[in-house]
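One structure is given below, encoded as structure tokens.
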Amino acid sequence: MKSKNMHSILLTLFFLSFSKAALDSDSIYHSFLQCLPSNSPESADELSSVVYGSTANSSDYTTVLQTYIKNERFNTTSTPKPAVIITPTTESQVQAAVICAKKLGVQIKIRSGGHDYEGISYVSSESNFIILDMFNFRSIDVNIDDETAVVGAGAQLGEFYYRIYEKSKVHGFPAGVCQTVGIGGHLSGGGYGTMLRKYGLSVDHVTDARIVDVNGRILDRKSMGEDLFWAIRGGGGGSFGVILSYTVKLVSVPETNTVFRVIKTQAENASELIEKWQTIMPDIDNDLFIRVLLQPVTVNRTRTGRATFIAHFLGDSDRLVALMDKNFPELGLKKEDCIEVSWIQSVLYWANFDLNTTSPEILLDRHSGDVNFGKRKSDYVQTRIPASGITTIFNKLVELGRVGFVFNPYGGKMYEIASDATPFPHRAGNLFKIQYSVNWNDPDPQLEANYLNQSRVMYDFMTPFVSKDPRGAFLNYRDLDIGVMTGGGKSSYSEGRVYGEKYFMGNFERLVKIKTAVDPDNFFRNEQSIPTLEGKTSGKVRKMMK
């Protein structure tokens, strides 16, 4: 007993000495190796096997760091690197990592898939940070009898879809179309896909979760309470703790689904077709989702605008063609344009795989997605843009040359769920969501500066057409242009409010109160995390919330 107490005293002195000294990567690495065994039932050897340092085991460190970087903008020699990467395989290792990072005073970044568009799960503006990489937490337990699944935070959407498909051809889940996205970030930020109008967001189907909080405790829905459970379903899990897993409710899908892709240029009345698309989509059959891609292209050596209408319909092609003939005859959809598929094949189609040559097993490949340089921004449209306005948008896209748009329709279930049911507020009143998309493959910094500038110029150009006061944004389309938290969050509330109200609208203040109650010292933080109320203790905030 005395020996254990002496070890505890020495460890405390060890951390106190470090707190007064400048930390470097080696000292952080070795301090974790000393701290983790004191806070975990596992041996030092077991724990050391999941800790990577930039100099101690540099080759493995680099491999682990780069494996789940999904944006090459954040994979350069000048990109800030973590002092340590921890790749836990057990829940107790996650608990120990949180406790030790807190003791050492080191920022912790949590990565589940690496698709975050600004790289904030593995890059930091703070000098000392570590990555807690959750890729080993990818267990998936699908229970068709009660239509539920428990999915690890590090599992990918493609893996989840495949495990559903293994057990049922008439079940699915309403989430994203990119198969290598991590569950932890996708669900905690909102999550949506081609069944948005039928079933709403991914978070609308989350029924439980397991999370490690700032004190290293493992909490489920009952023990965390409804406020925190509300917050991690759209408010970003990384602000409140480490998501271990989500329990979700599956949804029904028909045996026969239909997809199509119809392309129209400006010369083929693309502007008028998009105007009509805005008019019919909010109220059309909820089984239908039609996304529109707007891109600048070259046709017969002339630059012009092109619209691609890409659809997923929960039903057969006969019913779809009849529906389109009645509501959107201008698009001219014919039965030969349609492809009847199973639900899992619709997943492959939307992920741009060739249905003739690709089997669903490709969804188990965790690295099957493209990795390039990119930038994303977002907006919401609440008033129909006339054809003349669409034409000016096309012309601006052509002028800039690289930016493209993704228009995602609303209506249906999205109009039925209250804006405060989850932290995600963008429900009724929105016609569609815009994703600004810029991709490139050349690492030239001048090209990057040009393309980033193009996205910002286009964003400014769109101001008259999009939501206002505040101008809305989608958390899962991270965009540091709309505001950041700096300096370790010392002025977190005033800075966080700038971007927080864009992402969360009227739900922002409730998120702040919950954050202050569960993490008053703002330990779980990133460049766009939920801030704390300045000068408030957790006890005072809990009283305010009652």
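By the 4.5 Å heavy-atom criterion applied to side chains, V98 and V242 are counted as neighbours. By the 4.5 Å heavy-atom criterion applied to side chains, P88 and M134 are counted as neighbours. Side chains of S494 and E534 form a contact here, defined as non-hydrogen atoms less than 4.5 Å apart. You'll find the side chain of F504 stays beyond 4.5 Å of the side chain of D420, heavy atoms only.
Both cation-pi conditions hold for R376 and Y117: the charged atom is under 6.0 angstrom from the six-membered ring centre and inside a 45 degree cone around its axis. Remark: K377 qualifies as a cation-pi partner of Y459 under the 6.0 Å distance and 45° angle criteria applied to the six-membered ring. Remark: R510 is positioned above the aromatic ring of W230, its terminal NZ or CZ atom under 6.0 angstrom from the ring centre and at most 45 degrees off the axis.
Defined by atom type and a distance below 3.5 Å, a donor-acceptor pair is present between the side-chain atoms of E495 and T486. No side-chain N or O of D45 forms a donor-acceptor pair with one of S48 less than 3.5 Å apart. If you check the side chains of Q435 and S378, you find no donor sitting under 3.5 Å from an acceptor. Side chain to side chain, S359 and E361 meet the donor-acceptor criterion of an N or O pair below 3.5 Å. A donor-acceptor contact closer than 3.5 angstrom links the side chains of Y192 and N408. In this structure, a donor-acceptor pair under 3.5 Å is absent between the side chains of T62 and Q66. A donor-acceptor contact closer than 3.5 angstrom links the side chains of S43 and E46. Judged by distance alone, the side chains of T422 and R427 do bring a donor and an acceptor atom under 3.5 Å apart. Between the side chains of T532 and N522, not a single donor N or O lies within less than 3.5 Å of an accepting N or O. Residues Y162 and Q179 have side chains that never bring a donor and an acceptor to within less than 3.5 angstrom of each other. A donor-acceptor contact closer than 3.5 angstrom is absent between the side chains of T63 and D60.
A distance-only check finds no donor-acceptor pair linking the side chain of E159 to the backbone of L364 [under 3.5 Å]. No donor-acceptor pair closer than 3.5 Å links the side chain of Y503 to the backbone N or O of G235. No donor-acceptor pair under 3.5 Å is formed between the side chain of S112 and the backbone N or O of G154. A donor-acceptor pair is defined here as one N or O able to donate and one able to accept, closer than 3.5 Å; no such pair exists between the side chain of N39 and the backbone of L36. Checked by atom type and distance alone, the side chain of R525 pairs as donor or acceptor with a backbone atom of F523 at under 3.5 Å. With hydrogens and angles ignored, the 3.5 Å screen pairs no side-chain donor or acceptor of N453 with any backbone N or O of A449. Between the D227 side chain and the I514 main chain, no donor and acceptor come within less than 3.5 Å of each other. Side-chain N or O atoms of K513 include none that pairs as donor or acceptor with a backbone N or O of E509 at under 3.5 Å. A donor-acceptor pair is defined here as one N or O able to donate and one able to accept, closer than 3.5 Å; no such pair exists between the side chain of R210 and the backbone of I218. With hydrogens and angles ignored, the 3.5 Å screen pairs a side-chain donor or acceptor of K167 with a backbone N or O of V142.
Note on residues 132-157: pairs passing side-chain hydrogen bond (donor to acceptor under 3.5 Å, both in side chains), not counting sequence neighbours, are R111-D133, D146-T148, E147-H171. Residue pairs that meet the ring pair (Phe, Tyr, Trp, His ring centres under 6.0 Å) test with at least one member in residues 39-87, sequence neighbours left out, are Y68-F135, Y68-H367.
Salt-bridge formation is detected for the pair E118/R73: a Lys NZ or Arg NE/NH1/NH2 atom is positioned less than 4.0 Å from an Asp or Glu carboxylate oxygen. In this structure, K109 pairs ionically with E527, as a charged nitrogen and a carboxylate oxygen lie closer than 4.0 Å. A salt bridge links D481 with K375: the distance from a Lys NZ or Arg NE/NH1/NH2 to an Asp or Glu carboxylate oxygen falls below 4.0 Å.
Residues Y165 and W343 place their aromatic rings such that the two centres sit no closer than 6.0 Å. Aromatic rings of F424 and H426 (six-membered ring for Trp) have centroids within the 6.0 Å cut-off, being under it.
The only option from I85, I86, V123 that meets the side-chain contact (heavy atoms from CB on, under 4.5 Å) definition with I131 turns out to be I85.
Of all heavy-atom pairs between K103 and C35, the closest is CD-SG, 4.3 Å. Across all their heavy atoms, K81 and T79 have their closest contact at NZ-O, 2.7 Å. In this structure, L157 and A175 approach most closely via the heavy-atom pair CD2-CB, 3.9 Å. Listed here is the closest heavy atom pair of G216 and I99: CA-CG1, 4.1 Å. Nearest heavy-atom pair across L196 and L201 is CD1-CD2, 3.7 Å.
Ring geometry, F173 versus H205: the interplanar angle exceeds 60°, so the pair is classed perpendicular (tilted spans 30 to 60°).
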